[in-house]
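What follows is one structure encoded as structure tokens, with my remarks underneath.
Position 1 is the first residue of the sequence, and the numbers go up from there.
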Amino acid sequence: MSAAGRTKRITPSAIEAMKGTRPIVSLTAYTTPIARLLDPHCDLLLVGDSLGMVLYGLESTVGVTMEMMIAHGQAVMRGVESACVIVDLPFGSYQESKEQAFRNAARVLKETGSDGVKLEGGEEMAETVAFLVSRGIPVFGHVGLMPQKVNTTGGYRSLGRSNEEADKIRRDARAITDAGAFALLIEGTVEPLAREITASVDIPTIGIGASPACDGQVLVSDDMLGLFSDFKPRFVKHFAELAPTISQAVEAYAQDVKARRFPGPEHTFQPKT
Ligand code: KIV
């Protein structure tokens, strides 16, 4: 990327400064062509580890590797001109120690050219977040529902209904904010708690299944484009229905091939006469 391209991009500090101005627009992106389409409309593109399920058909994000995140981070960076690009640190790449986290976060920044990393965790990750930020790595925190912990938390359900759960999420949000994160993703959390956290922290909250009270919203692009017609969680809105559109296109192609209607003369090369 050219130096000119880089200076046009929205920085993590600019995202932080957007709190209280207007809602922040964010979506996930994993590939160059989709990043190109999303970039003009989004403040922040997240190369989420949801790519494990969305692109690779994995059961959860636990199997996602550094190599996958770096390859897709590089692909997204090739399609972006203005959005801030944040890459998820995958499960097992940062939980062991703050040194391990720094090593892998630095590798992501060096090898992709992206603007920062996201990592899941609350109080237990605060020391790591402070370690990364003080050494030059912008960190996007992630509290509430944490998909990388699905094997210990037992599933995907919205959180914060009991006092105990709400207190824990409150403490997590405070700890990650105080550690120096530039923004905080809140996932799968009841509205009153997301509203309270948003009012109590001085960095932007970006919600997914965490109500309109957050400072911004993020969705998995493939979800909001209606690419998965078999499953739609409550917090997702389909802004398009691409699954049936794709099915119809492929059916029409198959019929044309079988009937020898495709390729036609206009798609066929002839020798020079
Ligand atoms: O990996 C991901 O897509 C996420 C979502 C919660 C946005 O972190």
Side-chain angles (χ1 to χ4, degrees), residues 1-10 25-61 63-88 90 107-118 218-233 236-273:
M1 171 180 297
S2 71
R6 177 161 287 284
T7 53
K8 275 201 313 187
R9 292 235 316 285
I10 299 170
V25 181
S26 180
L27 283 171
T28 63
Y30 317 115
T31 64
T32 306
I34 294 292
R36 256 186 211 127
L37 289 171
L38 305 185
D39 180 58
H41 310 287
C42 290
D43 302 305
L44 188 152
L45 291 184
L46 175 67
V47 186
D49 60 354
S50 51
L51 63 77
M53 286 120 108
V54 175
L55 300 184
Y56 290 88
L58 298 176
E59 286 281 310
S60 77
T61 56
V64 174
T65 64
M66 280 290 291
E67 283 63 36
M68 288 179 189
M69 297 312 301
I70 285 173
H72 290 281
Q74 290 169 339
V76 167
M77 287 299 292
R78 284 180 211 118
V80 163
E81 280 186 19
S82 70
C84 180
V85 178
I86 301 299
V87 177
D88 261 343
R107 186 174 161 210
V108 166
L109 262 55
K110 277 172 186 283
E111 294 184 28
T112 66
S114 62
D115 302 292
V117 296
K118 177 163 82 57
V218 63
L219 281 176
V220 169
S221 303
D222 301 57
D223 280 342
M224 60 80 82
L225 293 171
L227 272 161
F228 302 114
S229 46
D230 48 341
F231 176 62
K232 184 167 102 50
V236 171
K237 175 175 173 181
H238 283 183
F239 288 82
E241 295 294 348
L242 294 193
T245 304
I246 292 172
S247 287
Q248 282 157 20
V250 177
E251 191 185 348
Y253 167 75
Q255 282 170 356
D256 275 14
V257 169
K258 287 178 192 160
R260 297 194 185 281
R261 281 191 299 264
F262 177 84
E266 69 276 33
H267 310 116
T268 304
F269 300 106
Q270 299 294 347
K272 277 202 177 101
T273 50

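Judged by distance alone, with hydrogens and angles left aside, the side-chain atoms of T32 form no donor-acceptor pair with the main-chain N or O of R78 at under 3.5 Å. Not one N or O on the side chain of T28 forms a donor-acceptor pair closer than 3.5 Å with the backbone of L46. Using modelled atom types, one side-chain atom of D115 and one backbone atom of V85 make a donor-acceptor pair closer than 3.5 Å.
Pairs engaging residues 29-49 under the ring pair (Phe, Tyr, Trp, His ring centres under 6.0 Å) rule: none recorded [sequence neighbours left out].
Distance check: I10 CD1 to D43 CG gives 5.0 Å after rounding to the nearest 0.5 Å. For the atom pair CG (L55) and CG (D222), the distance works out to 6.5 Å, reported to the nearest 0.5 Å. L58 contributes atom CG, which lies 8.5 Å from atom CE of M53 (distance to the nearest 0.5 angstrom). How far NZ of K118 is from CG of D49: 6.0 Å, rounded to the nearest 0.5 Å. Distance check: E111 CD to M77 CE gives 13.5 Å after rounding to the nearest 0.5 Å. Here L51 contributes atom CG and H72 contributes atom NE2; the two are 5.5 Å apart, rounded to the nearest 0.5 Å.
Residues L227 and A243 come closest through the heavy atom pair O-CB, 3.8 Å. Contact between A29 and S221 at its shortest, heavy atoms only, is N-OG, 4.5 Å. In plain terms, the two heavy atoms of A83 and C42 that are nearest each other are CB-O, 3.5 Å. Taking all atoms of both residues into account, the shortest heavy-atom contact from T65 to P90 is C-CG, 3.7 Å.
Under the 4.5 Å side-chain criterion, counting only non-hydrogen atoms from C-beta, F231 is not in contact with D223.
The neighbour count for Y56 OH, taken as heavy atoms of other residues, nucleotides or ligands under 6.0 Å away, is above 12.
Every residue two or more places apart in sequence or in another chain that forms a salt bridge (charged side-chain N to carboxylate O under 4.0 Å, His left out) with R261 is listed here: D256. Under the side chain to side chain donor-acceptor pair (under 3.5 Å) criterion, E241 pairs with H238, sequence neighbours left out.
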Exercise for review: Mind running side chain to side chain contact (heavy atoms under 4.5 Å, CB included) on V64 and M69 for me, showing each step along the way?
Suggested key: CA-CA 8 Å; V64 174; M69 297 312 301; 3.5 Å; yes
Practice item. Starting from the C-alpha separation in whole Å, work towards a yes-or-no answer on side chain to side chain contact (heavy atoms under 4.5 Å, CB included) for S114 and L109. Key: CA-CA 5 Å; S114 62; L109 262 55; 4.2 Å; yes
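Results of the side chain to side chain donor-acceptor pair (under 3.5 Å) test with E81 over K8, R36, R9 single out K8 as the only residue that passes.
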